[in-house]
There are 2 protein chains.
Amino acid sequence: MARAGLTADRLTQAAADLADEVGFENVTVSALARHFGVKDASLYSHIRNAQDLRVRLAVLALAELADQVAEAIAGRSGKDALVAFANAYRTYAREHPGRYSATQMALDPDTAADSAAGKHAEMTRALLRGYDLWEPDQTDAVRLLHSTFHGYVSLERSGAFHSHPRGVEASWLRALDALDSLLRAWPSV
Amino acid sequence: MARAGLTADRLTQAAADLADEVGFENVTVSALARHFGVKDASLYSHIRNAQDLRVRLAVLALAELADQVAEAIAGRSGKDALVAFANAYRTYAREHPGRYSATQMALDPDTAADSAAGKHAEMTRALLRGYDLWEPDQTDAVRLLHSTFHGYVSLERSGAFHSHPRGVEASWLRALDALDSLLRAWPSV
DNA sequence: AGGCTTACCTAGAGGTCCTAGGCAAATCAT
DNA sequence: ATGATTTGCCTAGGACCTCTAGGTAAGCCT
């Protein structure tokens, strides 16, 4: 009997693909085992439990997202960087719905620290270098930007914007214009 | 044997309380049946299935949230209304975590139309009357505000802001200041 | 009081999660 | 190469959740 050659990493990768196909909440240990043609009990020597699998998936997705964003803003600054950041974020969420859902998981502080969660804030800070912002305004702006991007993507996914004809794309661009102008005028807010 | 007197509405109410106690994802038909001291099979004459129960819960929460917000902005305008809206939204999410999670469910378009989902946008429009905004800027602004509120609340709940000492409350107030100033200056953005 | 509706029941099938313990494949030692 | 060790995947099985089918009894209606 040939072995399937499972490892925690391969399981996590497959779980991520599965999440994008069937939705994050449908990522189950059983489904993953079926995908590899093994019994579900066989996975428990690689992952502690179903929650552990989801956490690993979340960490993977956070790292991927951070990479995409980092690549997007490399060599840009000011509004260029803002738009690149925002579009990379939104694109990742659209192309990888299951993975993006995973990034919304509540991680315990230790796991979050180990993950790329901190990298997001760091990159947002880098992007703010093009604007004239210093602490504590920088932190406030980081939170506002992150909230807005996440909120927009999240509502877009839930279909909250479908009720109105105005193009979601046009609104998005306008929101980026607004945020840019807000950041430039921030000190006087 | 006395009857428990179950109805779909009572089940939904109890499910909402349960959600706030143990989390939306832990709202199960079995747990709800235990709460009423009946067998789980007994609930299926009132609700179609577990998903149906969650949808009812989502619709309930959306209506409650809309009511809270409507009450908050009644008689206010401009920044007063903006702050009242935002605080009511955030307060509901903090006091009713399970219900708020339910509001994030993806509802099919028909259900969404029946629910109070449209009321949100309508109220946000009412609040914008204090600012000098007309279509399509109004829709863009509604989407930006909704996204930001939802995003902030959502990230706050996921613990994304805990990594930095700057008070979440102070950042929130600053965000509201920024949004107010953004709305006032919108036409020139 | 008898009949009808309906609220709740039991029984049971199928799925997911997870533990305990077993066997065999791969790896290592001699 | 062969025996010993490790480890990957197995079977068995318990606990819980979802949902259907069909039964019994409580409460309402005349």
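So you know, we letter chains A, B, ... as the sequences are listed, proteins then strands, and number each from 1. Values reported hereafter were calculated over all heavy atoms of this structure, with side chains retained and with hydrogens, waters and symmetry mates removed.
We find that CZ of Arg34(A) is positioned 18 Å from P of dC9(D), with the value rounded to whole Å. One atom, NE2 of His35(A), and another, P of dT16(C), lie 16 Å apart when rounded to the nearest Å. Atoms CG (Asp40(B)) and P (dA13(C)) sit 16 Å apart, rounded to a whole Å. If you take CG of Leu32(A) and C1' of dG15(C), they are 16 Å apart, rounded to a whole angstrom. What separates NZ of Lys39(A) from P of dT16(C) is a distance of 12 Å, to the nearest Å. Nucleotide dA7(C) holds its P atom 13 Å from the CG atom of Asp9(B), rounded to whole Å. Taking atom CG of Leu11(B) as the reference point, atom P of dA7(C) lies 11 Å away to the nearest angstrom. What separates CG of Leu18(A) from P of dT16(C) is a distance of 12 Å, to the nearest Å.
Residue pairs meeting the salt bridge (charged side-chain N to carboxylate O under 4.0 Å, His left out) criterion with at least one member in residues 62-74 of chain B, sequence neighbours excluded, are Glu64(B)-Arg99(B), Asp67(B)-Lys119(B). Within the structure, ring-ring contact (aromatic ring centres under 6.0 Å, His included) contacts touching residues 42-92 of chain B (residues at least two apart or in different chains) are Phe85(B)-Phe149(B), Tyr89(B)-Tyr100(B), Tyr92(B)-His96(B).
With Arg174(A) contributing its side chain and Asp137(B) its backbone, the two residues share no donor-acceptor pair below 3.5 Å.
Close to dC16(D), at under 4.0 Å from its OP1 or OP2, lies no side-chain N or O of Thr28(B). Residue Arg10(B) has no polar side-chain atom (N or O) positioned under 4.0 Å from OP1 or OP2 of dA7(C).
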Give the intermediate values and the outcome of side chain to side chain contact (heavy atoms under 4.5 Å, CB included) for residues Val27(B) and Leu32(B).
-> CA-CA 7 Å; Val27(B) 172; Leu32(B) 198 55; 5.7 Å; no
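Base contact: Ala41(A) has a heavy atom under 4.0 Å from a base atom.
Using modelled atom types and a 3.5 Å distance limit, the side chains of Asp132(B) and Trp186(B) yield no donor-acceptor pair. Side-chain atoms of Asp108(A) and Thr111(A) form a donor-acceptor pair, as typed in the model, at a separation below 3.5 Å.
Here OH of Tyr152(A) is found 12.0 Å from NE2 of His146(B). Values are rounded to the nearest 0.5 Å.
Using a 4.0 Å cut-off on heavy atoms, the residues of residues 42-53 of chain B that approach DNA chain C are Ser42(B), His46(B), listed by number.
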